[in-house]
Amino acid sequence: MPAPSRPRKRPTIIVGSVDNSSSSSSSDDEEEEEEEVEDTVDDEDEEKGKGRNGSLSGKGVGKKAPAIIISLKKVCKVCKEEGHQAGFQGANYIDCPRKPCFLCKMPGHTTMSCPHRVALEHGVVPALRKNKQTQLDYVFERQLMSQIPKIKPAFVIPDKLDRGVVKLHSRRVTSLEFHPTMNSVLLSGDKKGQIGIWDYSKPNEKTVYGSIHSCIVNNMKFDTRNDIMLYTSSSDGTISYTDLETGIGVLLMDVNPNGWNGPSTWRMLYGMDINLDKGLLLAADNFGYLYLFDTREKVKIGESILIHRKGSKVVGLHCNPTQPDLLLSCGNDHYAHIWDIRRLETQSFLASLAHGRVVNSAYFSPHTGSKILTTSQDNRIRVWDSVFGNLNMPSREIVHSHDFNRHLTPFKAEWDPKDPSESLAVIGRYISENYNGVALHPIDFIDTSTGHLVAELIDPDLTTISPVNKLHPRDDILATGSSRSVFIWRPGGLKVEDKEAERKKEIIFCNTGKKSAKEKFIESDGDDDGDDFPSKGKNKQQKKYGGKSDKSGSSKSKIVKI
DNA sequence: AATAGATGGCCCC
DNA sequence: TGGGGCCCCTCTAT
């Protein structure tokens with residue numbers, strides 16, 4: 001894949017004419033809103049003006065400098081050139097036409113007209129050439145793939161959902177994990193290091209532990225042999241092993257034993273996974289190194305191993321569910337690597353999967369472990385159908401908007417662990433769509449075997465981007481982390497069990513009305529059913545999306561089948 | 001109500 | 001190979 005090229009640097013900002021007679025700049029005849037800014041600079045301010053732009057001086061020579069009027073012409077905020085403007089117009093975002101498409105990264109069109117956005121399948125791009133099938137592939141397909149039924153899970157079928165929301169965190173949610181045995185217990189980690197526990201069947205059962213980590217909780221894994229215990233990795237450079245009933249934990253590993261010596265040396269732990277068969281905990285840092293920990297003996301094993309480009313962040317680690325010797329890693333060096341855990345040395349990977357940009361996540365498929373699903377910041381989800389086949393090229397690339405703004409948690413396409421065909425994945429979408437005058441960011445269900453967008457989940461009260469999503473291992477339930485909120489979604493029919501909590505709006509369940517599946521907008525309805533979300537969000541939403549004030553305060557959430 | 005600031009990747013030198 | 005400047009459909013606090 002050609003790496004998407006960023007366009008070159010643009011000329012510096014035009015500060016306009018230093019002319020106090022005519023600030024009118026002729027050709028702005030088109031629109032009602034003349035966005036000309038006039039700024040009068042007098043003597044003392046001129047000093048500052050000089051600092052920024054030396055050319056301002058010299059005009060007002062000699063005596064008292066005349067008032068300087070700076071006029072800013074209507075200019076594109078992206079490329080700083082005149083004649084067009086980028087940004088929101090109502091709930092539609094207009095791209096700068098000089099930039100490559102924000103979705104597929106190709107030049108010549110904008111997101112509005114991108115074929116991948118218009119297409120129903122939301123843009124599946126086949127791999128450039130078909131994987132050549134080897135004998136191994138045929139054996140593999142006959143023995144393994146034949147056992148994989150082609151049944152899609154039920155979750156994507158209903159078009160009405162119940163929803164629960166809770167705001168446990170004071171910073172954005174960075175990780176989610178369902179409890180392995182207690183069906184309604186969800187864990188959430190945030191940017192500040194706090195870990196929340198929420199039993200969504202008993203809305204008042206919420207706990208937040210604030211002193212386990214001091215910054216971003218990047219990963220949470222249960223000790224499935226003793227599932228009140230939780231392993232967590234954090235950007236504070238530690239691995240903790242915490243008793244969830246008491247919140248008391250053990251510090252298993254600290255990769256900054258010498259403390260803080262500035263950001264250039266501070267190690268942060270991103271990827272982490274547990275290898276149950278081998279009694280191993282694997283974690284990796286932001287400088288490319290892998291650490292091994294013996295969970296039985298509670299000791300670190302050997303020295304750290306460089307597994308990605310030196311100095312680059314290792315973002316994710318995943319152990320193969322069926323083959324304990326296989327490890328998958330991904331990182332900021334644009335690669336995902338497959339490793340043999342028995343032979344871990346720098347450059348000793350079994351296979352290397354190239355990506356256009358940073359790889360946010362790489363996962364083996366949940367049952368057979370034979371497929372690989374990756375999410376890369378080049379706005380592509382990639383699927384390799386067989387780890388035993390040709391790994392030079394992905395089997396499919398799916399164009400999908402998740403090239404994230406730096407202030408968000410990276411998007412990760414997550415398998416549905418219940419899907420026996422190992423094809424359904426969920427991932428939040430970055431670019432918004434205009435839903436009846438409101439810009440919303442859906443959560444997408446994608447059939448990775450075809451690239452089709454199977455369903456998209458929207459909710460008028462979910463106005464923020466939802467980069468963190470997890471499907472329940474057994475139930476038809478989706479958990480979403482969006483900004484500081486945690487959402488639970490499930491097919492309709494839920495009984496509200498706690499009227500008191502509902503009244504206090506600590507948790508909100510809403511039962512949505514049935515709508516035709518093809519409709520891609522939200523009905524506006526009255527705010528009388530008592531299920532509306534705190535008004536703060538709503539006001540903001542109306543403001544932000546430009547006073548068109550379609551009353552979109554409905555709390556209906558729905559999955560729209562395409 | 002407007003805005004700063006937190007923040008990471010990437011490109012250039 | 002390291003540092004500085006810039007990217008620009010966020011979100012929140014002031």
Side-chain angles (χ1 to χ4, degrees), chain A residues 3-13 37 75-80 85-105 110-112 114 117 167 169-174 190-192 215-216 218 235 262-266 268 270 286-288 308-315 330-334 355-360 376-379 400-411 428-435 438-442 462-468 481-485 534 536-537 539-547:
Chain A
S5 60
R6 267 174 194 250
R8 271 303 353 261
K9 212 50 46 63
R10 53 215 40 106
T12 46
I13 189 164
V37 180
V75 121
C76 172
K77 68 174 183 182
V78 175
C79 73
K80 310 285 190 280
Q85 277 194 299
F88 270 110
Q89 282 179 17
N92 296 319
Y93 190 90
I94 310 300
D95 276 330
C96 171
R98 296 184 177 278
K99 300 273 282 189
C101 172
F102 193 67
L103 174 57
C104 74
K105 309 297 182 192
T110 62
T111 316
M112 273 296 180
C114 176
R117 192 179 202 187
K167 206 175 244 187
H169 295 277
S170 61
R171 290 287 179 272
R172 64 166 206 255
V173 173
T174 54
D190 74 17
K191 185 170 166 271
K192 209 177 159 189
C215 64
I216 311 177
N218 290 310
S235 292
S264 60
T265 54
W266 185 259
M268 304 187 259
Y270 282 85
N286 54 327
F287 293 110
H308 279 270
R309 199 187 70 217
K310 194 170 186 180
S312 75
K313 186 198 291 177
V314 181
V315 186
C330 62
N332 273 21
D333 60 357
H334 303 188
H355 292 71
R357 277 177 62 191
V358 167
V359 190
N360 293 344
S376 169
Q377 283 192 52
D378 64 356
N379 270 356
H400 181 266
S401 169
H402 49 258
D403 174 12
F404 70 106
N405 176 304
R406 64 183 170 286
H407 312 287
L408 298 174
T409 307
F411 291 85
R429 199 191 302 173
Y430 184 54
I431 53 173
S432 57
E433 293 286 344
N434 180 349
Y435 293 94
V438 184
L440 297 174
H441 308 267
L462 176 50
T463 55
T464 48
I465 293 173
S466 307
V468 190
S482 189
S483 186
R484 289 153 42 181
S485 299
K536 189 183 159 198
N539 293 339
K540 190 174 168 188
Q541 171 177 312
Q542 281 182 355
K543 213 172 306 159
K544 179 169 179 182
Y545 302 118

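Below, read A as the first sequence line, B as the second, and so on, with proteins coming before strands; counting in each chain starts at 1. Please read these numbers as outputs of a predicted model, since none were measured by experiment. For the numbers below, each heavy atom of this structure counts, side chains included, while hydrogens, waters and symmetry mates do not.
Applying the ring-ring contact (aromatic ring centres under 6.0 Å, His included) criterion to F404(A), with sequence neighbours excluded, gives no partner residue. Evaluation of the side chain to side chain contact (heavy atoms under 4.5 Å, CB included) rule for S170(A) yields K192(A), Q194(A) as partners, not counting sequence neighbours. The side chain to side chain contact (heavy atoms under 4.5 Å, CB included) search around F287(A) returns R267(A), D285(A), Y289(A), not counting sequence neighbours. By the side chain to side chain contact (heavy atoms under 4.5 Å, CB included) test, S312(A) pairs with H308(A), R309(A), N332(A), D333(A), sequence neighbours left out.
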Polar atom pairs (N or O), protein with nucleotides 2-6 of chain B, under 3.5 Å:
residue : atom : partner : partner atom : Å
dA6(B)  : N6   : H407(A) : NE2          : 3.2
dA6(B)  : N1   : H407(A) : ND1          : 3.1
dA6(B)  : N1   : H407(A) : NE2          : 3.3
dA6(B)  : N3   : H407(A) : ND1          : 3.4

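Note on S432(A): a base of the nucleic acid sits closer than 4.0 angstrom, heavy atoms only. Among the heavy atoms of the strands lying under 4.0 Å from I465(A) are primed sugar atoms or P, OP1, OP2 only; no base atom is included. Residue N332(A) is classed as a sugar-phosphate contact, given heavy-atom separations below 4.0 Å to backbone atoms only. At the heavy-atom level, T464(A) lies under 4.0 Å from the strands shown only through sugar-phosphate atoms. Using a 4.0 Å heavy-atom cutoff across all strands shown, F404(A) reaches no nucleic acid atom at all.
With rounding to whole Å, N434(A) atom CG is found 13 Å from dC9(C) atom C1'. Look at OH on Y430(A): it is 11 Å from C1' on dC7(C), rounded to the nearest Å.
A gap of 23 Å separates the C1' atoms of dC9(C) and dC11(B), to the nearest Å.
Remark: side-chain polar atoms of N379(A) are paired, donor with acceptor, to backbone N or O of D403(A) under 3.5 angstrom.
A cation-pi contact, defined as under 6.0 Å to the ring centre and within 45° of the axis, links K105(A) to F102(A).
The strand DNA chain C forms stems, runs of 3 or more Watson-Crick or G-U wobble pairs with distances below 3.5 Å, at B:2-6 with C:10-14, B:8-13 with C:2-7.
Annotation: side chain of Y93(A) is not in contact with side chain of T111(A) (no heavy-atom distance under 4.5 Å).
For the pair R171(A) and G87(A), both in contact range of DNA chain C, the more 5′-proximal nearest nucleotide belongs to G87(A).
Using cut-offs of 30° and 60° on the angle between ring planes, the pair H402(A) and F411(A) is tilted.
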(message) For S235(A) and N218(A): C-alpha separation, side-chain torsions, deciding distance, then whether side-chain contact (heavy atoms from CB on, under 4.5 Å) applies.
(response) CA-CA 7 Å; S235(A) 292; N218(A) 290 310; 3.0 Å; yes
